[in-house]
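Just the heavy atoms: all of them, side chains too, but no hydrogens, waters or symmetry mates, feed the values below. Chain letters run A, B, ... following the sequence lines, proteins first, then strands; residues in each count from 1.
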Amino acid sequence: MAIQVYNTLTRKMEEFEPLHGNRVNMFVCGVTPYDYTHLGHAKTYIAFDTIAKYLRYRGYSVFYIQNVTDVDDHLINRSKETGESEAELAEKFFKLFIEDMTALGMDSVNLYAYATEHVPEIVEQIEGLIKKGYAYESNGSVYFEVGKFSEFGKLSKQVLEKLRPGARVEVDENKRNPEDFALWKAEKPGEPTWDSPWGKGRPGWHIEDTAIAMAYFGEQYDIHGGATELIFPHHESEVAQAEALTGKKPFVKYWLHTGVLNVKGEKMSKSLNNFWRVQEALEEYEPDVLRFFLVNAHYRSPVDYTDEVLEEAKQGYERLVETVQNVRFALKMQAKDERTSEDDEVDKAVKEVMQKFEESMDNDFNTREAISHLFTFSTKVNAALSKGLTRESLEGVLKAYRTIGDVLGLFKKGIEKEDVVDGLMEFLVEMREKAREEKNFEVSDEIRDRLAKIGILLEDTKDGPRWKKR
RNA sequence: GCCCGGGUGACAGAGCGGCUAACGUGACCGACUGCAGAUCGGUUUUUUGGGGGUUCGACUCCCUCCCCGGGCACCA
């Protein structure tokens, strides 16, 4: 079965067939690094990180580019506030973005392409658009003439005439029509500029994406991702620019859009000032819990963020991690030599969970459903664990968690080996066991309580005591 | 006003033209335990926003109304 993806361009589920065999060219709208990354950004980037990981798992060779908008109004304004240059600000916040996202397990991007490093490509595209009659120069700026591109609106399903009422289009006497958008903005005092055939200036918002994408992918490519809020005008304008320039359609075969993160029913955003920085979130929750929270919803669904929902994610995720730790513990303490029917059951469950995981992910990357199979699997594993399993079965289970965990970006902590604290803990556990044998529960409980205070949980099981970091 | 989503149990949230409406969280009961924890088994509430239509059969498809969110030239 092939992968099915929901394409915003057609508003339908489609079979995923890349343009060039095994190669998948994927572009996702990156950040404008003028401020801290918040959970809303994370939702989108974690979604596409997971999608890239799954495509690679399925054998595709994915070339994943994220652009970095390191010149724009936000950066210029922020620079005026803080006195730092646009370049300094961009570097600082991009670095923080990478730190935050790395903490959340984003590591699938092949290339971060800076807008300012692609000015020649941008200029070349604009020249091409002027030559073809889709763009015009006016007082040092260049605008795309939307009315010339008859298919404008096909991605967002907008009709140009009906967009005008209520629209807050910037008034600009340099434009021929209010809906025209800037490809090149003429120099303004105090702003960073580059040379161009139209004098000094800087790129408009939409052009960097098409210039960068074409520089690396050619005139058409497979996947363009971003949040739904970007469909109009940003992605619509990209389609117009690219297809007007090359005449090749479609510019992008599959448009994928993530639902936004809401807070109390409203979009998390800087302008509403209801955002939660990734850094702040990381102070309260394990990175894995945050990632679990984000992938435990379908990427297209909007997600409402509340304390309750995050707490629920924490509980649920810990249950899965607990299972992984149960298996590791069993591997250490009580792996059996002889196979029993329990082993057959577990082996079957492993095959089943892998198959169902793929089915769910094939269905438009349905991570939510994939995770539901993981819960069912965990229940089966835990049940079988009490009866004992062979080393082979236990390792098979771990491998399933590792494989699925690698795609979803989870379970890194639960699966990796514990550190040198092991020896020390062994000693403490032994001492406590002695006390328990002597029914000296005062001492045994004190050891456990003190450990609990430093975040180590000690549990007595029928196969002996075990400990874990909270 | 226009375009796009969505309305399902206490909460969160999938799926499917007919099968017990998944999975999770919460609550409760039981097993296990010196206690705790983890785990397992079980219970818990939904005729799927209102109305109409298509169909032998609709939560699922169509129409209409109501409500919520996103976009309408800032934005992940």
Side-chain angles (χ1 to χ4, degrees), chain A residues 8 11 28-32 37-48 66 69 72-74 77 97 146 153 156-170 178-182 205-206 225-234 236-237 257-262 265-272 296-298 300-304 306 308-309 311-320 322-323 325-326 329 360 363 366 368-376 378-387 436 439 441 444-445 448-449 452 457-462 466 468:
Chain A
T8 305
R11 311 275 161 169
V28 172
C29 285
V31 282
T32 302
T37 316
H38 63 64
L39 267 189
H41 302 122
K43 180 178 186 293
T44 291
Y45 296 117
I46 293 311
F48 286 108
Q66 250 183 49
T69 307
D72 95 315
D73 293 346
H74 294 290
N77 293 336
F97 164 73
V146 169
S156 57
K157 312 292 174 221
Q158 299 286 346
V159 182
L160 199 51
E161 292 70 41
K162 290 188 176 168
L163 272 169
R164 288 174 187 173
R168 38 188 173 121
V169 185
E170 135 196 20
E179 65 271 20
D180 294 348
F181 58 86
W205 177 30
H206 315 300
T228 50
E229 65 188 7
L230 293 179
I231 295 172
F232 191 89
H234 187 48
E236 193 68 63
S237 303
H257 289 100
T258 56
V260 293
L261 185 69
N262 291 322
E266 275 185 319
K267 186 176 75 167
M268 178 180 284
S269 74
K270 296 207 174 108
S271 46
L272 286 168
N296 194 211
H298 186 96
R300 278 195 282 125
S301 310
V303 168
D304 212 56
T306 58
E308 290 73 29
V309 164
E311 206 50 46
E312 185 187 318
K314 186 181 166 184
Q315 294 305 323
Y317 182 62
E318 275 175 6
R319 194 170 118 70
L320 296 177
E322 189 69 40
T323 307
Q325 288 175 336
N326 289 345
F329 181 69
S360 296
N363 183 18
N366 195 339
R368 169 93 193 181
E369 195 182 82
I371 286 169
S372 81
H373 298 312
L374 212 48
F375 275 108
T376 307
S378 294
T379 301
K380 285 183 192 166
V381 168
N382 278 317
L385 229 37
S386 63
K387 289 163 188 147
R436 289 181 73 219
K439 302 236 183 278
F441 295 124
S444 68
D445 284 358
R448 188 172 58 189
D449 290 348
L457 225 63
L458 229 157
E459 299 171 347
D460 298 314
T461 77
K462 70 182 171 65
R466 60 182 286 198
K468 59 194 170 199

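- For T32(A), the listed nucleotide lying nearest its side chain is A76(B); candidates were A76(B), U39(B), G37(B).
- Regarding contacts with the backbone of C11(B), every side-chain N or O of T306(A) stays at 4.0 angstrom or more from both OP1 and OP2.
- Among the protein residues, T37(A) comes within range of no part of the nucleic acid, since none of its heavy atoms lies under 4.0 Å from any strand.
- Remark: A76(B) base-pairs with no nucleotide; criterion is Watson-Crick or G-U wobble with both hydrogen-bond distances under 3.5 Å.
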Would you list the protein and nucleotides 33-36 of chain B atom pairs, both N or O, that sit under 3.5 Å from each other?
from: G34(B); atom 1: N7; to: R436(A); atom 2: NH2; distance (Å): 3.3
from: G34(B); atom 1: O6; to: R436(A); atom 2: NE; distance (Å): 3.1
from: G34(B); atom 1: N1; to: D445(A); atom 2: OD1; distance (Å): 3.1
from: G34(B); atom 1: N2; to: D445(A); atom 2: OD2; distance (Å): 2.8
from: C35(B); atom 1: O2; to: R448(A); atom 2: NH2; distance (Å): 2.5
from: C35(B); atom 1: N3; to: R448(A); atom 2: NH1; distance (Å): 3.0
from: C35(B); atom 1: N3; to: R448(A); atom 2: NH2; distance (Å): 3.3
from: C35(B); atom 1: N4; to: D460(A); atom 2: OD2; distance (Å): 2.9
from: A36(B); atom 1: N6; to: D460(A); atom 2: O; distance (Å): 3.1
from: A36(B); atom 1: N1; to: D460(A); atom 2: N; distance (Å): 3.1
from: A36(B); atom 1: N3; to: R448(A); atom 2: NH1; distance (Å): 3.0

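- Only the C1' atoms considered, A21(B) is 9 Å distant from C16(B), to the nearest whole Å.
- Comparing the P positions of G34(B) and U25(B) gives a spacing of 27 Å, expressed to the nearest Å.
- Residue K157(A) has its side chain nearest to C3(B) when only G71(B), C3(B), U39(B) are considered.
- In this entry G5(B) has C68(B) as its Watson-Crick or G-U wobble partner, both defining distances falling under 3.5 Å.
- Using a 3.5 Å distance cut-off with no hydrogens or angles, the side chains of T8(A) and H257(A) do pair a donor with an acceptor.
- With values rounded to the nearest 0.5 angstrom, R300(A) atom CZ is found 11.0 Å from T258(A) atom OG1.
- Aromatic ring pairs are classed by plane angle as parallel below 30°, tilted from 30° to 60° and perpendicular above 60°; the pair F181(A) and H206(A) is perpendicular.
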Given protein heavy atoms under 4.0 Å, the one-letter contact record of nucleotides 17-23 of chain B, with B base, S sugar-phosphate only and - none, is simply -----BB
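- The gap from the C1' atom of G15(B) to that of U48(B) amounts to 12 Å, rounded to the nearest Å.
- Along RNA chain B, the nucleotide nearest to V146(A) and the one nearest to V31(A) differ in position, and the one closer to the 5' end is contacted by V146(A).
- Rounded to an integer number of Å, the gap from CG of L272(A) to P of A76(B) is 14 Å.
- Of all nucleotides present, none satisfies the Watson-Crick or G-U wobble test against A58(B) with each distance under 3.5 Å.
- When each of A76(B), A14(B), U39(B) is scored by its nearest atom to the side-chain atoms of M268(A), the top-ranked nucleotide is A76(B).
- G26(B) atom P lies 5 Å from atom CD of Q315(A), rounded to whole Å.
- Across all strands, L261(A) comes closer than 4.0 Å to base atoms (heavy-atom distances).
- Using a 4.0 Å heavy-atom criterion, one finds that E266(A) contacts the sugar-phosphate atoms exclusively.
- Across the C1' atoms, A76(B) and A38(B) are found 39 Å apart, a figure rounded to whole Å.
- Remark: the backbone N or O of V146(A) is not paired with any side-chain donor or acceptor of E179(A) at under 3.5 angstrom.
- Between the N366(A) side chain and the E369(A) main chain, a donor and an acceptor come within less than 3.5 Å of each other.
- In terms of polar N and O atoms assigned as donor or acceptor, the side chain of E312(A) comes within less than 3.5 Å of the base of G24(B) in a complementary pairing.
- Interatomic distance, CZ of F48(A) versus CD of Q66(A), reported as 10.0 Å (0.5 Å rounding).
- Taken to the nearest 0.5 Å, the CD atom of Q315(A) stands 11.5 Å off from the CZ atom of R319(A).
- Remark: A12(B) base-pairs with no nucleotide; criterion is Watson-Crick or G-U wobble with both hydrogen-bond distances under 3.5 Å.
- Judged purely by atom type and a 3.5 angstrom limit, K43(A) uses its side chain to pair as donor or acceptor with the backbone of G259(A).
- Rounded to whole Å, atom C1' of G13(B) lies 16 Å from atom CD of E308(A).
- Considering CG of N326(A) and OG of S386(A), their distance stands at 10.5 Å, rounded to 0.5 Å.
- With the nearest nucleotide of RNA chain B identified for both F181(A) and A227(A), F181(A) has the one nearer the 5' end.
- G50(B) and G7(B): their C1' atoms are spaced 12 Å apart (whole Å).
- Side-chain atoms of R368(A) come within 3.5 Å of backbone atoms of N296(A) as a donor-acceptor pair (strictly under, hydrogens ignored).
- Residue-level contact check: G153(A) touches neither bases nor backbone, having no heavy atom under 4.0 Å from any strand.
- At least one donor-acceptor pair under 3.5 Å links the side chain of H41(A) to the backbone N or O of H38(A).
- Rounding to the nearest 0.5 Å gives a distance of 10.0 Å between OG1 of T379(A) and CG of L374(A).
- Judged by distance alone, with hydrogens and angles left aside, the side-chain atoms of Q158(A) form no donor-acceptor pair with the main-chain N or O of G153(A) at under 3.5 Å.
- Atom CG of D304(A) is separated from atom C1' of G6(B) by 12 Å (rounded to the nearest Å).
- Distance, F232(A) CZ to C74(B) P: 10 Å, rounded to whole Å.
- Looking at heavy-atom distances under 4.0 Å, L230(A) makes contact with sugar-phosphate atoms alone, never a base.
- Pairing of C23(B), defined by two Watson-Crick or G-U wobble distances under 3.5 Å, is not identified with any nucleotide.
- Going from atom NZ of K314(A) over to atom P of C11(B) covers 23 Å, rounded to whole Å.
- On the P atoms, A22(B) is 15 Å away from A10(B), given to the nearest whole Å.
- An OP1 or OP2 oxygen of C40(B) is reached within less than 4.0 angstrom by a side-chain nitrogen or oxygen of N382(A).
- Straight-line distance between the P atoms of A12(B) and C63(B): roughly 29 Å, to the nearest whole Å.
- Across U44(B) and U54(B), the matching C1' atoms stand 37 Å from one another, rounded to whole Å.
- Going from atom CG of D73(A) over to atom P of A73(B) covers 15 Å, rounded to whole Å.
- In this structure, the CG atom of D72(A) is 14 Å from the C1' atom of A76(B), given to the nearest Å.
- The side chain of T228(A) sits closest to G70(B) out of G70(B), G26(B), A12(B).
- Checked against U39(B), A12(B), C74(B), the side chain of E322(A) finds its nearest nucleotide in U39(B).
- Base pairing of U39(B) is made with A31(B), judged by Watson-Crick or G-U wobble geometry with both donor-acceptor distances under 3.5 Å.
- Using a 4.0 Å heavy-atom distance criterion, S386(A) is classed as making no nucleic acid contact.
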